[in-house]
Amino acid sequence: MNNHDSAQHSPASAASGTVIGLDIGGTKTRGVRFHDGEPVLDETAGSSNVQNVTKEQAAANLAELFGKIGGGTIDQVYAGAGGIDTDEDAQALADLISPHVPGARITVVHDSRLLLAAGGASTGVAVIAGTGSAAWGKNDAGEEARAGGWGYLLGDEGSGYWLGREAVRHSLRRMNQGLEPDRLSRALLASCGVDEPGKLIALFHSPDTGRRYWAQQARLVVETADAGDQVSQALVVQAGRDLAELAGQAVRQLGLNGPVILGSGLGMNVPRLQDAFKAALAEDGIVDVRILQQDPVFGVPRLVAEQTP
């Protein structure tokens, strides 16, 4: 298994044979079966990321997915997942995949690499803005750089989880100041099914909620921002600027001018965040900034074509 394949700048159409691309997120695993670079099957199952589910659950979800898209001769599996920080992380996931694809080449990489390829680039910086956040990039010399991606307890600035947590913190600060719940706080209380901000504390720390639950509350921040709430607008703008800082770190390390490609749920769907992201990077002189237009898993044919034999 190799998770450090160098770019050969071959056209994506060179990805011949049968390849299964996996995009393994915190809530689901997306699998696409490609034949000669063209998608022929596209299915999902639950998450198979062992940072989010047990190893047993991950294995069960992979079995379900390969039951839908496996079978026959498979030349390669190319998987992108969050939390792939070491060769050991990559090998652990490859070991879960290998029983389903005997004889296939298995490549496991950090999911930001899929995003860059799906943006049509072989070099540049990809920024994930979803449940979590991270930036990853590569230059023409094959050097790589990462920023963020430390997980929700250490970072994930600008992510869905960060926005949800900041909404809770805002609501609690207002409570401490003796202020009535404002628009964002009321929306959060209604979504969480509690009648006053103090109850958010126990709910936040409850084993019944977790990273994904609070990341889902990010939509409330986006919705109230779009409805004119200035607090929510400021949070969304801050998220965009924080993501731009991650991108800028990777760009500077690699000596690049771009492109910077922003993807995942928040990155692809929240114009206010996109605008703040672009504006912050423009202040640093980085103007080749793109919003991903297709899901990251469709970057797999390009990555396979660029691999060394």
Side-chain angles (χ1 to χ4, degrees), residues 3-15 23 78 80 82 84-85 107 109-130 132-150 155-159 162 236-308:
N3 69 324
H4 296 291
D5 294 301
S6 60
Q8 297 297 302
H9 302 287
S10 306
S13 59
D23 186 3
Y78 204 110
I84 300 300
D85 301 316
T107 304
V109 298
H110 193 274
D111 52 1
S112 50
R113 192 175 300 203
L114 302 187
L115 198 157
L116 186 67
S122 298
T123 63
V125 172
V127 178
I128 287 176
S133 66
W136 174 87
K138 184 174 68 172
N139 62 18
D140 284 323
E143 297 169 324
E144 299 181 17
R146 269 189 62 185
W150 302 338
D156 277 354
E157 298 90 344
S159 68
W162 182 89
V236 175
V237 167
Q238 186 62 51
R241 296 190 69 85
D242 287 347
L243 293 164
E245 175 58 29
L246 294 179
Q249 288 178 39
V251 166
R252 288 187 292 272
Q253 271 188 268
L254 295 168
L256 294 169
N257 294 317
V260 173
I261 300 171
L262 179 64
S264 292
L266 282 176
M268 293 171 71
N269 296 300
V270 183
R272 190 183 308 276
L273 182 147
Q274 295 167 359
D275 291 345
F277 181 77
K278 291 176 180 177
L281 286 172
E283 292 170 10
D284 270 350
I286 302 164
V287 295
D288 186 357
V289 181
R290 311 171 190 176
I291 307 303
L292 191 64
Q293 300 299 314
Q294 63 177 348
D295 288 339
V297 71
F298 293 104
V300 163
R302 170 181 284 270
L303 290 165
V304 170
E306 291 175 349
Q307 281 178 321
T308 52

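None of these values were measured; they are calculated from a predicted model.
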Quick check: closest heavy atoms across [X] and [Y], and the distance to 0.1 Å?
X	Y	answer
Gly265	Asn269	O-ND2, 2.8 Å
Ala135	Val125	CB-CG1, 4.2 Å
Ser112	His110	OG-ND1, 2.8 Å
Ala244	Ala280	CB-CB, 3.6 Å
Gly248	Leu281	N-CD2, 4.2 Å
Asp111	Gly82	OD2-N, 3.4 Å

Looking at [atom1] of [X] and [atom2] of [Y], how far apart are the two atoms once the value is rounded to the nearest 0.5 Å?
X	Y	atom1	atom2	value
Glu306	Lys138	CD	NZ	5.5 Å
Ile291	Gln293	CD1	CD	7.5 Å
Leu115	Ile261	CG	CD1	7.0 Å
Thr123	Leu116	OG1	CG	7.5 Å
Ile286	Arg252	CD1	CZ	6.5 Å
Ser133	Glu157	OG	CD	6.0 Å

Are the side chain of [X] and the backbone of [Y] linked by a donor-acceptor contact shorter than 3.5 Å?
X	Y	answer
Thr107	Tyr78	no
Gln294	Ala118	yes
Gln274	Met268	yes
Asp295	Val297	no

For a 4.5 angstrom cut-off between non-hydrogen side-chain atoms, does [X] reach [Y]?
X	Y	value
Asp284	Val251	no
Arg241	Val237	yes
Leu303	Leu114	yes

Review point. Which is it for Asn257 and Asp288 under the side-chain contact (heavy atoms from CB on, under 4.5 Å) test, yes or no, and what are the steps along the way?
Key: CA-CA 7 Å; Asn257 294 317; Asp288 186 357; over 6 Å; no
Review point. Around Asp275, counting heavy atoms of other residues, nucleotides and ligands shown, do more than 12 lie under 6.0 Å from its CG?
Key: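 Yes.
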